[in-house]
Amino acid sequence: MVEWTDFERATIADIFSKMEYEVIGPAALSRCLVVYPWTQRYFGNFGNLYNAAAIIGNPMVAKHGTTILHGLDRAVKNMDNIKSEYAELSVLHSEKLHVDPDNFKLLSDCLTIVVSAKLGKEFNGEVQAAFQKFLAVVVTSLGRQYH
Amino acid sequence: LLFMSIKSPSLLKLITAFSDSQSTGKMTTLTAKDKDRVKTFWAQVSGKSEDIGSEALARMLIVYPQTKTYFAHWKDTSPNSANAKKHGITVMGGVADAVTKIDDLKAGLLSLSELHAFTLRVDPANFKILSHCILVVMANMFPEDFTPQVHVAMDKFLSALALALAEKYR
């Protein structure tokens with residue numbers, strides 16, 4: 001089981017309590033599709049992803065970014081059992097969506113960078129460490145059921 | 001093959017991209033647009049280069065504690081130590097220099113590569129780690145300017161830099 005310090009728990013709770021899902025989610029996903037263009041392979045039916053401006057302005061990307069970010073809520077609510085929280089989603093991503101689990105890390109790096117830009121000074125080294133640890137646990141859990 | 005290329009511009013683009021990636025080995029060929037974005041963004045932020053460097057290095061030591069193993073010779077490996085701050089500045093100075101050598105990083109970073117290969121022997125995986133921290137700091141300090149387009153150009157640049165740095169390893 002993952003051990004969380006009080007600081008880590010408080011940090012994650014704080015970040016998500018004031019999270020602007022409709023801003024951060026779209027920003028993170030669109031950034032991922034721009035910075036790592038091969039990730040676009042999973043969004044063939046999302047319409048115009050032809051260039052950065054198109055991706056950033058794409059409403060389907062925005063909607064899906066918000067959905068993905070809300071997907072982290074269950075981990076925030078149950079930090080002591082993230083692995084079991086994501087068992088079903090892991091199967092979904094593997095069996096149905098066929099997403100290469102390496103992509104989870106790419107998206108989480110983009111999310112870190114977007115949150116860093118949003119929070120500014122508040123997002124110091126210790127906060128970054130806690131946030132990245134949290135995302136790493138989620139990423140591992142999402143990759144758990146692949147075979 | 002050349003005849004086919006003339007008939008099909010997209011095929012020519014594909015062949016060029018393929019041969020580019022073969023010659024550099026990774027997704028690190030910087031387009032003219034990439035270089036332009038890097039140089040423009042760097043001009044905007046270079047005044048804060050020392051802060052970026054110290055901050056990135058400090059974060060690396062905090063977020064990736066295994067990187068402290070390279071600094072066992074410092075009395076104090078804490079992120080806010082004088083050593084760490086100074087080293088962050090040194091490293092960022094190297095990045096600044098690399099921007100001026102962006103058209104031929106391999107040649108430009110030859111002696112630095114030899115230093116890292118034979119003396120420092122830093123595992124190249126750590127270049128990726130520090131690059132990530134640099135990007136996080138850039139986003140943190142310049143949220144308006146560090147757009148996705150600038151981000152991808154900087155990420156490619158730092159990857160190309162890392163590759164040039166690892167050139168002499170084996």
Side-chain angles (χ1 to χ4, degrees), chain A residues 5 7-8 11 15 20 23-40 49-58 61-62 65 102 105-136, chain B residues 10 17 21 26-28 31 33-34 37 45 48 51-52 54-68 77-81 84-85 88 125 128-159:
Chain A
T5 64
F7 173 80
E8 286 164 348
T11 298
I15 290 176
E20 291 173 49
V23 172
I24 303 297
L29 182 61
S30 59
R31 194 168 280 252
C32 186
L33 296 172
V34 169
V35 178
Y36 309 107
W38 54 96
T39 57
Q40 293 167 28
L49 300 179
Y50 192 61
N51 55 37
I55 292 168
I56 293 162
N58 186 310
V61 171
D102 281 351
K105 180 155 199 310
L106 299 181
L107 180 58
S108 78
D109 281 350
C110 286
L111 181 58
T112 300
I113 280 167
V114 169
V115 169
S116 172
K118 178 75 193 181
L119 296 182
K121 279 208 150 31
E122 193 191 323
F123 197 73
N124 60 33
E126 281 83 12
V127 170
Q128 183 185 340
F131 192 66
Q132 288 196 202
K133 177 177 168 181
F134 173 74
L135 291 181
Chain B
S10 59
S21 74
K26 298 284 185 296
M27 313 158 282
T28 52
T31 63
K33 186 97 222 152
D34 289 328
R37 287 220 162 98
V45 311
K48 292 268 186 201
D51 290 340
I52 295 172
S54 310
E55 190 52 38
L57 192 78
R59 278 170 194 266
M60 185 187 80
L61 297 172
I62 298 170
V63 181
Y64 305 94
Q66 70 273 19
T67 57
K68 290 191 288 189
T77 53
S78 68
N80 298 309
S81 66
K85 194 165 189 278
K128 208 168 191 301
I129 288 175
L130 182 57
S131 295
H132 171 72
C133 291
I134 289 171
L135 296 175
V136 170
V137 170
M138 285 180 166
N140 193 275
M141 290 173 66
F142 306 98
E144 303 300 316
D145 301 306
F146 197 68
T147 61
Q149 296 92 320
V150 168
H151 178 166
V152 61
M154 279 306 306
D155 192 24
K156 285 178 75 175
F157 168 64
L158 292 175
S159 300

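- The line from CD of B:E55 to CG of A:N124 is 8.0 Å long, rounded to the nearest 0.5 Å.
- For B:F157, the ring pair (Phe, Tyr, Trp, His ring centres under 6.0 Å) test picks out no residue, with sequence neighbours left out.
- Heavy atoms of A:Q128 lying under 4.5 Å from chain B belong to its backbone as well as its side chain.
- A donor-acceptor pair is defined here as one N or O able to donate and one able to accept, closer than 3.5 Å; such a pair exists between the side chain of B:N140 and the backbone of A:S116.
- Only the backbone of A:K121 comes within contact range of chain B, with at least one heavy atom under 4.5 Å from a heavy atom of that chain.
- No more than 12 heavy atoms of other residues, nucleotides or ligands shown are found within 6.0 angstrom of NZ on B:K85.
- For a residue to count as touching a neighbouring chain, one of its non-hydrogen atoms must lie under 4.5 Å from one of that chain's; by this rule B:Y64 touches chain A with the side chain only.
- Of all heavy-atom pairs spanning B:P143 and A:A117, the tightest one is CB-O, 3.6 Å.
- In this structure, chain B has a heavy atom under 4.5 Å from the side chain of A:Y36, while its backbone stays farther away.
- A:I55 does not touch chain B: none of its heavy atoms, backbone or side chain, sits under 4.5 Å away.
- The residue among A:G120, A:A53, A:C32, A:A130 with the most heavy atom pairs within less than 4.5 Å of chain B is A:G120.
- Side-chain atoms of A:I56 and B:Q149, non-hydrogen and from C-beta on, do get closer than 4.5 Å to each other.
- Between the CG atom in B:L135 and the OG1 atom in A:T112 there is a gap of 11.0 Å [rounded to 0.5 Å].
- Contact count versus chain A (heavy atoms, under 4.5 Å) is highest, among B:H151, B:M138, B:E144, B:M60, for B:H151.
- With respect to chain B, the highest number of heavy-atom pairs below 4.5 Å among A:V115, A:L33, A:I113, A:V34 belongs to A:I113.
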